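Reading through the structure tokens given below for one structure.
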Amino acid sequence: MSVISSIINRLFPRDLGAISFQFYSLTRFGALLIASVILARCLPDQELIARYEFMLLLGGSTTFFWVSGLYDAFVVAFKKSQVEEQNVFAWTILKLASLPAVASGITVYLLGTLVFPDRVLPSELGAYAVFLGCDTLAMALIYVLMALRKFFLLFVVASLSTSLYVGVISTVPYLENLTLAMGILAGFALLKLAVIPFVALQKISITGGIKPGRTLFYLAWPLSLSALLSHSATYLDGFLVEHFFIDQFVNFRYGARELPLILLLANSLSVVRSGDIAEGIQNGSLEGSLQALMNSGQRLIFWLFPMSLTLLYSSDYLFKNIFGPDLLGAVPIFDIYLLLIIPRLIFPQSVIRGHMRMKIMIWSAGLELILNVTLSLIGLHYFGLRGIAGATVIAYLFEKVILVVYCHRMLGIRLGAYTPVLTWSVASLAMSGAWIWKYL
């Protein structure tokens with residue numbers, strides 16, 4: 001009986017903070033995936049699909065770094081502050097996020113209309129830009145709810161947002177009007193923005209001066225810069241494909257679908273646990289926080305590695321029957337990105353953020369970007385799209401090695417203190433062996 005209880009505890013955690021935030025991340029990605037399936041199956045016009053995917057590429061490339069840096073910094077600052085200061089941080093994050101959110105929408109519109117006028121329609125892009133600015137600012141609601149431990153509301157907001165997005169995109173194949181769809185989504189995002197202060201009203205304080213803003217900025221800029229350097233390679237890959245293999249752009253975008261799945265689940269766990277580690281350092285319970293990170297990472301290993309192995313050997317069937325035979329060229333890209341699970345499921349970045357040693361992440365991300373771009377440019381000439389995808393896997397593994405070594409040498413925290421090394425090693429070998437067996 002105790003063995004069964006142990007297995008259940010490993011597979012089904014009782015940490016509502018991590019679960020709720022992972023649920024939000026998964027539903028957000030799920031909405032994009034379902035929308036893509038609907039468009040691929042119900043819309044014969046691949047030109048419209050390409051415009052939709054290109055707008056997502058533009059939007060993601062202008063928001064991912066500051067959203068990651070600023071909102072992750074908020075979690076660490078909130079957990080590390082005194083109770084009376086937490087109210088102020090909840091309001092400060094909304095104020096600080098306003099300017100980059102508006103700037104992102106404007107940048108996307110100008111970038112699309114001035115630099116890529118043949119790839120977008122101004123009316124569609126304008127509606128999407130409004131949606132992007134409002135929606136990325138409304139993401140602050142999710143982080144505030146998580147920090148305030150309002151997990152039920154977080155589940156509700158995530159579920160409603162996903163349902164609305166999928167429902168609206170489902171009208172595109174019938175109305176063939178992407179501008180109208182994006183306009184409706186922008187209206188929903190504005191409504192969500194209007195609800196934010198009322199949802200967290202009891203905990204929001206408009207006082208506090210500029211000190212909380214300075215604290216968040218001090219923590220956020222290294223995280224934003226490291227995210228810009230590290231994950232920008234993913235978006236650069238998209239632009240490389242758009243330039244060198246424009247006829248395969250849709251295939252590449254659909255093949256890279258797996259990356260956000262692993263990324264979002266791993267990052268959501270990393271965000272929650274980095275706050276817990278910061279709190280553990282302050283309260284003298286660091287060992288317990290590291291153990292919680294290890295347990296959460298092990299649960300992800302138990303769930304995601306078997307899922308990835310299943311996807312690896314069923315990807316041909318799934319792509320043919322879900323997206324259609326026209327997108328079978330995306331399968332090899334999808335299978336290579338599945339290998340990203342190996343570096344994704346170790347979390348030295350959580351330990352580093354919890355210790356507020358953010359600057360090392362800039363150096364590691366810079367080296368990763370240089371390696372990624374170099375290998376992508378070499379790989380695309382010899383292996384085409386597969387070379388670009390393979391470069392991402394190698395570069396990201398290299399960055400994780402740097403961070404693991406830093407934790408061990410500079411913080412005195414070995415890999416085994418926060419990672420189930422044996423479980424991760426066996427799962428990684430199994431995943432690598434399965435990929436080699438399929439392709440080599």
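This is a predicted model, so every value here is computed, not measured.
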(message) Any heavy-atom pair between the side chains of Leu397 and Val393 that's under 4.5 Å?
(response) no

(message) Between Thr162 (side chain only) and Thr27 (backbone N and O only), is there a donor and an acceptor less than 3.5 Å apart?
(response) yes

(request) For the pair Tyr418 (side chain) and Gly297 (backbone), establish whether a donor and an acceptor sit closer than 3.5 Å, ignoring hydrogens and angles. (result) no

(request) Indicate yes or no: at least one non-hydrogen side-chain atom of Ile277 is less than 4.5 angstrom from one of Arg353. (result) no

(message) A side-chain contact here means heavy atoms from C-beta on lying under 4.5 Å apart; do Arg28 and Ile142 qualify?
(response) no

(request) Applying side-chain hydrogen bond (donor to acceptor under 3.5 Å, both in side chains), name anything that partners Asn177, two or more places apart in sequence or on another chain. (result) none

(message) So does Leu429 get a backbone contact from the side chain of Ser432, meaning a donor-acceptor N/O pair under 3.5 Å?
(response) no

(message) Would you say that Ile336 contacts Trp435 through its side chain, given a criterion of any heavy-atom pair below 4.5 Å between the two side chains?
(response) yes

(request) Measure from the side-chain N and O atoms of Ser296 to the backbone N and O of Leu293, and report whether any donor-acceptor pair falls under 3.5 Å. (result) no

(message) Any heavy-atom pair between the side chains of Ile362 and Met358 that's under 4.5 Å?
(response) no

(request) Please tell me if the side chains of Ile342 and Trp424 come closer than 4.5 Å, counting only heavy atoms from C-beta onward. (result) yes

(request) Step through it carefully: locate the ring centre of Tyr143, locate the ring centre of Tyr71, and say whether they are under 6.0 Å apart. (result) yes

(request) May I ask you to check whether Ser270 and Ser350 show a side-chain donor-acceptor distance below 3.5 Å? (result) yes

